[in-house]
Every structure is written in C-alpha cells, then in structure tokens.
Amino acid sequence: MVTGLAPQTSEVEVVVRDLLAADHADRAATEVISRLGAEVYGFLRASLGSEPDADDVFAATCERLWRGLATFRWQCSLRTWIYVIARNEAARFASGAKRRNAGRTSPSQLEEVAAVIRTETKSVLRTHKRDKFRELRDELPADDRMLLILRVDRDLPWDDVARAFLADDGEPATDELVREAARLRKRFQLVKQRLATRAREEGLGS
C-alpha cells in the first residue's frame, strides 16, 4: 500500500548495502525501487505535469539506477542519489536526448515492481484531489516546481537539493555545492513570494 511517506533512509541503505555485499545487485535495485519508488514517481508526476511523461522518465530512472547501483560510492544518501538520477533523466527527456545504452533492459522483477509502484501511486494521486495551492504551484516553471517539491514536500537539506540540481552524478566540489545551495535558497524565496502573490490574487491569503 502506498502511503506517501518515505521510509527511514538508514533502513533502506542497510538492506541495500547487505545485498550488494552479497553480490545481489539486481535484488538491491529492486529493493530501492520498492521502498523509494513511490515518492520518486510522485515527484516526477508533479514536476513534469504529465502522467505519460512521468511514466517514461520513471522507467529511465529505474533502469539507470539498476545500471549504476553496484558502483554507487555512497558520497550522498541513497535517497538523494535517486532524486539526482530522476532529475537528470527528466532533463534529458525535456531536451529530447536519447537514452544511453538503450539496448540494455533491466531485470523483469525490477520492471514488475516499477509497474506496481506506478499503478499504486497513480491511484493515490487520483484519489486525493489537488487543492488550489497545488494548482498554483503547477503554474510554475518545471525547475521551480522541482525546487519546491525537493525542499518542501521531500524535506531534503539544501546541500542535497543542490546536488540534485547540479548536472553531474558525481560528488561536486565543496565550493560549487555551496554556491549552488546559496543560489537555490535565493530562488526559493522568490518562488515563495510569487506563490504568495498568486494566492492573494485567488483570495487564498498569504
């Protein structure tokens, strides 16, 4: 059952590390998607504003996670890393870039879990109608929506938000991370001000 709540990241990481140590990379990837897939799919659905687009990007995210999990260096949390992957895949999708290694396919078990995650999450999203504030948020540019979701809905620390917005999957230099986090904080304040203005225009208060 999808609850919309993230599990304890430490628990996920313990399980995944044990599976990787036992040379069960496919099972480890399936475990990540089972535990974190619902919130990542919800993030993509809200960010992209399109269910079919979210389906495509989520599938690409799952495959890329499967390809890279065995060599993941744990320089950030597993949860942060999957958001980095999801945002990068969303950017590739938006730019029309072709998926790399398109000939490789992930294990059937992983694909089955991803399909269940999509189905259950869609059911949750459709059951609860978005309120007016969510509609106002959907008017924002994609990057601004992603910023709000990562910081407010997912409660990621600013350093992890910055990692998600930086293009490279590797660990950025400290000074680059600091600059990006500062830039995003300023942008976050501007986005909040814009939403507050729109809320007042709609008679919703500040």
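Position 1 is the first residue of the sequence, and the numbers go up from there.
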Subject >> NZ/NE/NH1/NH2 to OD/OE distance under 4.0 Å, R198 and E139 >> reply: yes
Original post:
Would you say E171 and R163 make side-chain contact, with heavy atoms under 4.5 Å?
Top reply: yes
Subject >> Single-linkage hydrophobic cluster, 4.5 Å side-chain cutoff, V12 and L19 together >> reply: no
Original post:
Once you round to the nearest 0.5 Å, how far does CZ of R35 lie from CD1 of I117?
Top reply: 11.5 Å
Original post:
Does a side-chain N-to-carboxylate-O contact under 4.0 Å join R27 and E31?
Top reply: no
**OP:** Verify side chain to side chain contact (heavy atoms under 4.5 Å, CB included) between R64 and N88, making sure each step is shown before the conclusion.
**Re:** CA-CA 10 Å; R64 193 166 177 207; N88 285 343; 3.5 Å; yes
Original post:
Can you name the closest pair of heavy atoms from V84 and A164 and give their distance?
Top reply: CG2-CA, 3.7 Å
Original post:
Between T121 and R118, is there a donor-acceptor pair closer than 3.5 Å when you use the side chain of the first and the backbone of the second?
Top reply: no
**OP:** Under the salt bridge (Lys or Arg N to Asp or Glu O under 4.0 Å) rule, collect the residues that match up with R137, sequence neighbours excluded.
**Re:** D153
Original post:
Got a sec, which hydrophobics cluster with L190, joining ILVMFWY side chains under 4.5 Å apart, including via others?
Top reply: none
Subject >> Where at least one partner belongs to residues 134-161, residue pairs that pass ring-ring contact (aromatic ring centres under 6.0 Å, His included), sequence neighbours excluded >> reply: W158-F188
Original post:
Considering all heavy atoms of both residues, which atom of A162 and which atom of L177 are nearest to each other, and what is their separation?
Top reply: CB-CD1, 3.7 Å
Original post:
Should L150 and L36 be regarded as members of a common hydrophobic cluster, given that ILVMFWY residues are connected when their side-chain heavy atoms come within less than 4.5 Å of each other, either directly or indirectly?
Top reply: yes
Subject >> E89 side, atom CD; F58 side, atom CZ - distance, nearest 0.5 Å >> reply: 12.0 Å
Subject >> Nearest heavy atoms of A86 and T61, plus distance in Å >> reply: CA-OG1, 3.5 Å
Original post:
Sub-3.5 Å donor-acceptor pair from the side chain of E13 to the main-chain atoms of L78, do we have one?
Top reply: yes
Original post:
What heavy-atom pair brings A70 and A25 nearest, and what distance separates the two atoms?
Top reply: CB-CB, 4.4 Å
Original post:
So do R194 and D144 actually touch side chain to side chain, heavy atoms under 4.5 Å?
Top reply: yes
Subject >> Partner residues of D53 under the salt bridge (Lys or Arg N to Asp or Glu O under 4.0 Å) criterion, sequence neighbours left out >> reply: none
Original post:
Residues in salt bridge (Lys or Arg N to Asp or Glu O under 4.0 Å) with R185, at least two apart?
Top reply: none
Original post:
Does D23 CG have over 12 foreign heavy atoms under 6.0 Å away?
Top reply: no
Original post:
Is it true that V15 and L69 fall in one hydrophobic cluster, defined by side-chain heavy atoms closer than 4.5 Å?
Top reply: no
**OP:** With rounding to the nearest 0.5 Å, note down the distance linking CG in L20 to CH2 in W74.
**Re:** 6.5 Å
Subject >> Stepwise side chain to side chain contact (heavy atoms under 4.5 Å, CB included) check, R187 with D143 >> reply: CA-CA 10 Å; R187 184 170 182 172; D143 277 357; 3.2 Å; yes
Original post:
Rest of the hydrophobic cluster containing V178 (Ile/Leu/Val/Met/Phe/Trp/Tyr, side-chain heavy atoms under 4.5 Å)?
Top reply: none
Subject >> Residue pair V161, Y83: steps toward the side chain to side chain contact (heavy atoms under 4.5 Å, CB included) verdict >> reply: CA-CA 9 Å; V161 176; Y83 276 110; over 6 Å; no
Subject >> Salt-bridge present (D56, R92; N to O < 4.0 Å) >> reply: no
Subject >> Minimum heavy-atom distance between A90 and V57, given as atom pair plus value >> reply: N-CG1, 3.6 Å
**OP:** Starting at SG of C76, measure out to CD1 of I82 and round the result to the nearest 0.5 Å.
**Re:** 11.5 Å
**OP:** Go through the steps to decide whether L65 and W81 satisfy the test side chain to side chain contact (heavy atoms under 4.5 Å, CB included), and finish with yes or no.
**Re:** CA-CA 9 Å; L65 177 136; W81 184 56; 4.1 Å; yes
Original post:
Side-chain heavy atoms under 4.5 angstrom apart, residues restricted to Ile, Leu, Val, Met, Phe, Trp, Tyr: same cluster for F165 and L148?
Top reply: yes
Original post:
What distance do R87 atom CZ and L166 atom CG have between them, rounded to the nearest 0.5 Å?
Top reply: 9.0 Å
**OP:** Might you point out which heavy atoms bring I33 and C62 nearest each other, and give the distance in Å?
**Re:** CD1-SG, 3.5 Å
Original post:
Got a second to check how far S77's OG is from D160's CG, nearest 0.5 Å?
Top reply: 5.0 Å
Original post:
Any chain of hydrophobic side-chain contacts (each under 4.5 Å) joining L140 to V152?
Top reply: yes
